[in-house]
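Because only heavy atoms are used, hydrogens play no part in the values below, and waters and symmetry mates are left out as well, while side chains stay in. One-based numbering, in listed order, for ligands and for the atoms of each. Since the structure is predicted, the reported quantities are computational estimates derived from the model, not experimental observations.
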Amino acid sequence: MKSMLMHSFVLDALDTTGADTFSHFEVLIDEHRKMTDQYLDDISQNNKTTFVPSRLKQLVPQVGTFYTRLPLRKAFEAYNHKYGITKRRHICISFNEIRHILNLAQIIAMTDMYKGGSQLGLLPPLVPNGNIGGGGGVAHHVKKEGETDDQAIRAWTSMTVTPRREVDDKSDGSQYSGDTTPEERSRAMCDRSESIAIEEAFSLLPDRTALPGPKLICFDGDQTLYSDGANFESNPRLAKYLFLLLKHGVTIAVVTAAGYEYQAAKYELRLSGLLAYFKEKGLKGDDLERFYIFGGECNYLLRLGADYKLHAVKENGPGGWMNSTKHMSESPGNWSESEVKSVLDMAEASFNSSMEDQNMRARIIRKKRSVGLIPKADEKITREALDEAVLRIQSELDNSKINLPFCAFNGGRDAWVDVGNKRVGVQVLQSYLGVPPEESLHIGDQFLNTGNDFAARSVCPCVWITSPEETSYILKSILRLAGVPLMAILNPVDYEDKKQVNGDKDKKGIEKKVDFDEMERRTSRLAMDVFTGEMIPLQRAASRDV
Ligand code: IMP
Ligand code: MG
């Protein structure tokens, strides 16, 4: 895509031909999907058929599966309208911009599906104009009669409200007085009325409204929901979007490589801020129980309970997740322990040789279903050394007789071989929960061939983000495109709201209600090592950036 767009850029024709180029990509994908469907249908009906590669397959032999259409032109136009990329004279459209456009196309596709594909997915707001409670200056665009998709999307993108400034300076609201400019003061007024309105919007939301969008959203953990090696502590914006998704019937699953068997408290610690948010907002019933975590890629399934703690989902017997997914050949219910041991033995030997050959200051840890190559305290392993270790064991396992699904990946600071992978994790969830691939979405940060989100590409549509901030943006866009009232989505760090609900705030004005024995852990000066799940002295943990 990048090189095709480069031609137009060099000829200074991107402004006039960019959208057509994206239409061309769309045509190639549509043709590819049609030919693939036809071929698969013929096979399933035992018709005589021969495989003819599509034009797209010939151009990109490694092309994956498209579970939905991709309205690329629409996404490009919206993105370009916002950022004016085709007006640039010196900098061509970049890889990251193409990634953003593809992400946008994917989420438009998943919300459009419910409106016959032709509409924009902008449902009428619950309250006319979205001006709930008199919130200043915020409008919700509803596609008007006679308005084309392009006009409507332009109107929608031009309404993007500048994100509210994080409350990061003073705790008493005085950041809005004193040396503030008129612009800041008017923003502050707007912020206040929005935060009052937001609670009203919540009370107006019909809890059971099914979101016209993905039914199952799987999230990677590290670097998608929280920074690498850190925990989900205070991120009210992201927590609010996840909360709204659950309230609108979406099932959420954190599908993470981090595996601590069924030691629920360790997963709870990593998600402490999020679970505390759910508790504070009084999430209950089914909404609560649609929150899952799949630890160790696909090895340990836990679910949120009414006590806001995670509980192991039954594996075997009637209704057990392993039992009910045995029809899938790769399901953990079908693995043999001796094969698991062979994978781990090979991984350990290979990591040892990589470590020795590359003089890595690292150590190896072995768990029940994984082997990790992790840096020694205060050391860093280079990306090249980790990639070498990963590609080495990948090729050894690929060339072995082993039939189990596995994942050898570079986690950024470490390298791992897990038995199982996110392909199996997402597929088990789809089968266990009865959600088809085209209604599932996986959001993650590791989509290179040495990353562990890569495997999910073959079972559902994916969105490739690079940070928790990008995840927040994607969720906000899904909610907006699906028609959740704008007032409920904007301004999640609702300062006034926090003040009212809790009556107490920390110095930065952001409530920090720590739950799940966090305080106890802190006072006992212990923290969890995210690699091993062991509790270690706080100082050592901090020096490792965990
Ligand atoms: P993810 O991005 O949420 O999939 O988490 C990947 C990170 O989890 C790795 O980079 C490791 O730092 C951490 N981790 C902890 N335990 C394990 C394990 O058993 N297997 C793989 N990664 C693990
Ligand atoms: Mg990750």
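- Excluding water, every protein N/O/S atom under 2.8 Å from the Mg ion (ligand 2) is given here by residue and atom: D220 OD2, D222 O, D445 OD1.
- F232 and L242 make their closest contact through CE1-CD1, 4.2 Å (heavy atoms, listed as atom of the first residue, atom of the second, distance).
- In this structure, the side chains of F409 and E297 come closer than 4.5 Å at one or more pairs of heavy atoms.
- The side-chain heavy atoms of R369 and Y300, taken from C-beta on, include a pair separated by under 4.5 Å.
- Enclosure of atom CZ in R366 by more than 12 non-hydrogen atoms of other residues, nucleotides or ligands within 6.0 angstrom is indicated.
- Looking at heavy atoms from C-beta onward, I29 lies out of side-chain contact with R69 at the 4.5 angstrom threshold.
- Summarising the local packing, CD of E356 is surrounded by 12 or fewer heavy atoms from other residues, nucleotides or ligands at distances under 6.0 Å.
- K74 places a side-chain heavy atom less than 4.5 Å from the side chain of D112.
- The distance from atom CD of E439 to atom OH of Y67, rounded to the nearest 0.5 Å, is 13.5 Å.
- Within 4.0 Å of ligand 1, protein heavy atoms come from D220, G221, D222, T256, A257, A258, G259, K367, S370, F409, G411, D414, W416, D418, K422, N452, V530, F531.
- Counting only heavy atoms from C-beta outward, the side chains of L283 and F243 approach each other to under 4.5 Å.
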